Amino acid sequence: MSRAYPRIAALKTAEQFQAHVASLGIPLPFEADVDAAPASPLAQPADTSAGRAGNRFSILPMEGWDGTPDGRPTDLTRRRWRRFGESGAKLIWGGEAFAVRHDGRANPNQLCLGPTSEADLVQLREDLLEGHREAGLGTDDLVIGLQLTHSGRYSRPDPDKKPKPLAAYPHPVLDRRVSPDGPVPLLTDDDLDDLSARLVQAAVLAQRAGFTFVDVKHCHGYLGHELLSARTREGRFGGDFTGRTRLLRQTVEGIRRDAPGLAVGVRLSAFDTTPFRKGEGDVGEAEAPQADYAYAFGRWDGSDAAPDLSETRAFLSLLVDLGIDLVCLTAGSPYYNPHIQRPATFPPSDGYQPPEDPLKGVARQIAATAALKADFPQLRIVGSAYSYLQDWLPHVAQAVVRAGGADFIGLGRMVLSYPDLPLDVLRGQPLKRKAICRTFSDCTTGPRNGLVSGCFPLDPFYTAHPDHARLKAVKAGS
């Protein structure tokens, strides 16, 4: 039978929230009183290699499903970027997951490198700046980056919306999911050399468009992340740690050569575990034994013990050696263990009921991030998994930053429903409870069914969008 966990919205007081956390036996930083600027730790500026960010809120990159078939932004894309600017967050991490090759698009409407990309990026960045200015904010301390990606095993680049996976190595569970009729094609070393060149090309365009950093994506099961666990891959891009990090090192070398002065960041899944599937009562269950799962980078075995972060630390040491100080930490994958990556009460249409109270997943990511920040104080680290905290997000965020557990608080789903949450927190305003993301997962269910991505329940714009009725029909039939 399915499991029910207390909903965050039902925990009306700080005492109730803290009592529930205590009942779970998890460490979760918390401060009962939230300070307004300028006293708040969240209001303090932070220097990075990409510029000074004026506060400690960061907008996480999200893959859009509303571009054109040839990879250009639409009015929906521009609206989202403008709202990112309106948020008041001073570090925009990526803005968008931007594919650098057509065959690496995760959906047929994802933004993609093409002949008009520079002009398109100039416009998107200006939309974001305009939103920031309209919120009454200066832009001198606004740091804007672009996330560069290839979706690898999770590529669906064409209008037929069919999976067209490209993998770094064979995987006994994931291959069956994305290619049930045969083996997944493997990218050759020459393919990866070409990909590196495309990443550099996109970085050059981003710099010309005014971005001060690019994120070379290494998270969530996409190609950069998959390469980190490519221990069985032969050739120059697999095997030992040097081979598995070659794509990053080669790409950074090219960016330093062709886009001097452009900072580089990395969004990294700091730990991972086995794929999950629906089990009894639709509750998620491990699809392979967790204790001996051989395909994770930063392995968590499903126990109460902390994840094994030894290789993660080696990777962060490499970033220090490469002169990279911008790191955004996340975990797992939205495709094969979403409760690890983005804790939620309500799963997307292709997901499963959470096998643990989602607060445990939040606490796990916050604890792992704090441990890595303690080991690498010179890095500027963005933490993830905060949206599920809902009403209590500012209380935990303030405690984390004050204690040095992260430099920035990353917001993803939350800004789709409530983009100006950072401004309200910093200005000492009460949160708008009707705008708070409740992790309904419609922003994922929609795209998984070929619809645009937005907050259909809480953003009036998307409530009135034609895809809302289509989404209701999809959910009614599932």
Side-chain angles (χ1 to χ4, degrees), residues 4-18 20 30-37 40 42 57-60 62 66 76 79-89 131-132 134-137 342-349 354 357-359 362 385-398 409-447 451-472 475-476:
Y5 306 104
R7 295 187 181 180
I8 301 300
L11 303 174
K12 301 293 188 182
T13 67
E15 291 77 14
Q16 290 175 338
F17 179 79
Q18 289 177 289
H20 178 51
F30 187 89
E31 294 185 5
D33 297 317
V34 177
D35 299 330
S40 171
L42 298 170
F57 281 108
S58 176
I59 305 302
L60 300 176
M62 288 174 277
D66 48 25
L76 290 179
R79 177 183 186 269
R80 186 168 59 255
W81 280 62
R82 180 179 294 272
R83 282 161 68 88
F84 291 165
E86 293 169 356
S87 73
H132 208 65
E134 288 176 4
L137 301 170
R342 52 181 180 205
T345 300
F346 306 96
S349 59
D357 188 304
L359 277 177
V362 174
Y386 285 87
S387 287
Y388 182 75
L389 293 166
Q390 300 170 45
D391 308 70
W392 305 108
L393 187 157
H395 300 258
V396 175
Q398 178 176 286
I409 302 301
L411 302 178
R413 297 166 290 173
M414 183 63 76
V415 295
L416 296 180
S417 66
Y418 191 174
D420 50 341
L421 179 144
L423 272 183
D424 282 350
V425 171
L426 295 172
R427 291 173 176 172
Q429 300 295 320
L431 295 188
K432 303 180 184 78
R433 296 195 82 239
K434 291 184 178 180
I436 294 173
C437 172
R438 301 299 179 187
T439 67
F440 293 127
S441 294
D442 283 1
C443 56
T444 300
T445 294
L451 309 176
V452 297
S453 183
C455 185
F456 293 97
L458 301 179
D459 180 352
F461 178 89
Y462 281 97
T463 300
H465 192 280
D467 274 4
H468 190 203
R470 300 183 185 110
L471 177 63
K472 288 182 177 178
K475 294 173 71 173

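Fair warning: this is a prediction, and the values are worked out from it, not measured in the lab. FYI, the numbering just counts along the sequence from 1.
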Step by step, work out the side-chain contact (heavy atoms from CB on, under 4.5 Å) result for Leu451 and His465.
CA-CA 11 Å; Leu451 309 176; His465 192 280; over 6 Å; no

Start with the C-alpha distance between Ile409 and Val396, add both sets of side-chain angles, then the distance that settles side-chain contact (heavy atoms from CB on, under 4.5 Å), and finish with yes or no.
CA-CA 10 Å; Ile409 302 301; Val396 175; over 6 Å; no

Run Leu458 and Thr463 through side-chain contact (heavy atoms from CB on, under 4.5 Å) and show every step you take.
CA-CA 7 Å; Leu458 301 179; Thr463 300; over 6 Å; no

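Classification of Asp66 and Arg80 as a salt-bridged pair holds, one side-chain N sitting under 4.0 Å from a carboxylate O.
Not a single donor-acceptor pair under 3.5 Å links the side chain of Ser417 to the backbone N or O of Ile436. One N or O on the side chain of Gln398 and one on the backbone of Asp35 form a donor-acceptor pair closer than 3.5 Å. Asp442 places no side-chain N or O within donor-acceptor distance of the main-chain N or O of Phe456, the cut-off being under 3.5 Å. Under the 3.5 Å distance criterion, the side-chain polar atoms of Gln16 are left unmatched by any main-chain donor or acceptor of Ala14. The main-chain N or O of Leu426 is never found under 3.5 Å from a side-chain atom of Ser40 such that the two would form a donor-acceptor pair. Side chain of Tyr462 to main chain of Leu416: no donor-acceptor pair is present (N/O by atom type, distance under 3.5 Å, no hydrogens or angles).
Between His395 and Phe30, the two ring planes are parallel [angle under 30°; tilted spans 30° to 60°]. Relative orientation of the Phe440 and Phe346 rings is tilted, given thresholds of 30° and 60° on the angle between their planes.
Here the straight-line distance linking atom OG1 of Thr444 with atom CE of Met62 works out to 10.5 Å at 0.5 Å rounding.
Of the options Lys12, Arg438, Arg7, Lys432, a salt bridge (Lys or Arg N to Asp or Glu O under 4.0 Å) to Asp391 is made by Arg438 and by none of the others.
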